[in-house]
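Structure first, commentary second.
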Amino acid sequence: MRVTVLGAGTSIPAKGHSPAGIYVQIAREHILLDAGPGTWQRLERAGAPWHQLDRIFLTHFHVDHSLDLVSILASLRLPPVKRKKPLHVYGPPGLKRLYRTLNAAYLDKLSPRGYRVVFHELQRATLRLPGYAVRSVPMNHYETKAIGYRLTAAGKTLAYSGDTDVCEGVVELGRGADALILECSVPDERKVEGHLTPSKCGRIAAEAGCRRLVLTHFYPVFKGYDIRARVRYAYRGRLTLAKDFTTIQL
Ligand SMILES: [Zn+2]
Ligand SMILES: [Zn+2]
């Protein structure tokens, strides 16, 4: 499993920290976890075969995680792409309504041509896919019904929280994972509801017992704060602070 963070930030423009998106090569498939603005272009920049994309797993529908669903559907229908295989899109309840609303707003220019798009609405679910399994677990992120994803292939497990505040679900999501990717939005001194801070990420990682912790989704308010030191209050495992295009191999 090869994992590339395509966006380690939020909707606020910040160098090296674009909106949320993660590219995963898993078994024989190419998948995206979230699709914030610019993810589709950065997927191409990462050298991925974007036209072969098999599945998109959205954690929730905030713009910084979902807007490029529009770009993806608008481009895959164009004749030069010659796409045949179906595209599966997963997300919390409301996904199908979101698609219908966006497609109406864009005057039907998202409707697939020459291939199929299949939408799957999930909360707590386990999916058996070709060569790997995916589990979705409810997170704690305002009223969004947000879910995190846990992917397992060939005995290796990757977990990704999307956006969340502290909850039992996020510990369950990362339990014993080879890599846990957590959102880390703001410093401890500037905690906001619905998001995590470095010390909370450290505590979650320690409780989950994950082998490696990768932090992402940094708002540009961290200047002058020592993120690593705060994580280290609780967590002693391998720690990576993601930037755009940070890649890990499991
Ligand atoms: Zn969000
Ligand atoms: Zn977000």
Side-chain angles (χ1 to χ4, degrees), residues 3-24 31-43 56-72 89-95 97-99 101-102 121-124 136-150 158-171 173-174 180-188 190-198 200-201 204-205 213-222 225 227 240-246:
V3 183
T4 304
V5 176
L6 296 174
T10 67
S11 286
I12 299 176
K15 193 175 181 196
H17 294 90
S18 299
I22 299 171
Y23 167 49
V24 186
I31 69 174
L32 276 179
L33 306 176
D34 279 336
T39 298
W40 194 223
Q41 291 289 332
R42 290 192 300 281
L43 186 63
I56 303 170
F57 295 88
L58 299 177
T59 58
H60 63 301
F61 308 135
H62 283 161
V63 164
D64 55 326
H65 297 254
S66 66
L67 189 64
D68 253 17
L69 183 60
V70 170
S71 314
I72 293 168
V89 184
Y90 304 80
L95 176 64
R97 189 177 47 140
L98 176 75
Y99 167 69
T101 306
L102 289 170
E121 296 189 344
L122 310 172
Q123 274 283 267
R124 181 177 287 279
S136 60
V137 179
M139 297 290 107
N140 172 19
H141 186 52
Y142 311 115
E143 71 302 333
T144 59
K145 298 195 173 85
I147 49 181
Y149 293 101
R150 186 178 161 99
L158 168 74
Y160 170 53
S161 66
D163 286 358
T164 190
D165 206 328
V166 175
C167 60
E168 285 179 17
V170 73
V171 175
L173 186 81
L180 170 60
I181 304 178
L182 285 182
E183 74 120 296
C184 182
S185 290
V186 288
D188 290 277
R190 299 180 66 171
K191 172 82 175 85
V192 293
E193 196 199 332
H195 289 289
L196 296 175
T197 66
K200 294 200 182 301
C201 290
I204 289 165
L213 175 62
V214 179
L215 299 185
T216 187
H217 200 270
F218 299 109
Y219 274 90
V221 291
F222 274 106
Y225 291 95
I227 298 173
T240 301
L241 309 184
K243 291 192 177 122
D244 293 0
F245 300 107
T246 291

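Every value quoted in this text rests on a predicted model; they were computed, and no experiment measured them. Start at 1 and go down the list; that is how both ligands and their atoms are numbered.
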Specify whether an N/O/S atom of H65 falls short of 2.8 Å from the Zn ion (ligand 1). no
Examine all N, O or S atoms of [X], backbone included, and report whether one is under 2.8 Å from the Zn ion (ligand 2).
X    : answer
H195 : no
H60  : no
E183 : no

Checking the side chain of T164 only, and the main-chain atoms of H141 only, is there a donor and an acceptor separated by less than 3.5 Å? no
So what does the H217 NE2 - the Zn ion (ligand 2) - D163 OD2 angle come to, to 10°?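 Nearest ten degrees: 100°.
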Among the N, O or S atoms of H141, the one nearest the Zn ion (ligand 1): NE2
Return the name of the atom in H62, of element N, O or S, nearest to the Zn ion (ligand 1).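 In H62, the heteroatom (N, O or S) nearest the Zn ion (ligand 1) is ND1.
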Quick one: does R190's side chain get under 4.5 Å of Y225's, heavy atoms only?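 The answer is yes, as the side chains (C-beta and beyond) meet within the 4.5 Å cut-off.
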List the steps, then state whether side chain to side chain contact (heavy atoms under 4.5 Å, CB included) holds for R97 with L95. CA-CA 5 Å; R97 189 177 47 140; L95 176 64; over 6 Å; no
Which atom name does D64 have for its N/O/S atom nearest to the Zn ion (ligand 2)? OD2
Pair F57 + Y90: ring centers closer than 6.0 Å: yes
Identify which one of K191, K200, H195 satisfies the side-chain hydrogen bond (donor to acceptor under 3.5 Å, both in side chains) criterion when paired with D165. K191
What residue among T39, L58, L32, D34 forms side-chain contact (heavy atoms from CB on, under 4.5 Å) with L69? L58
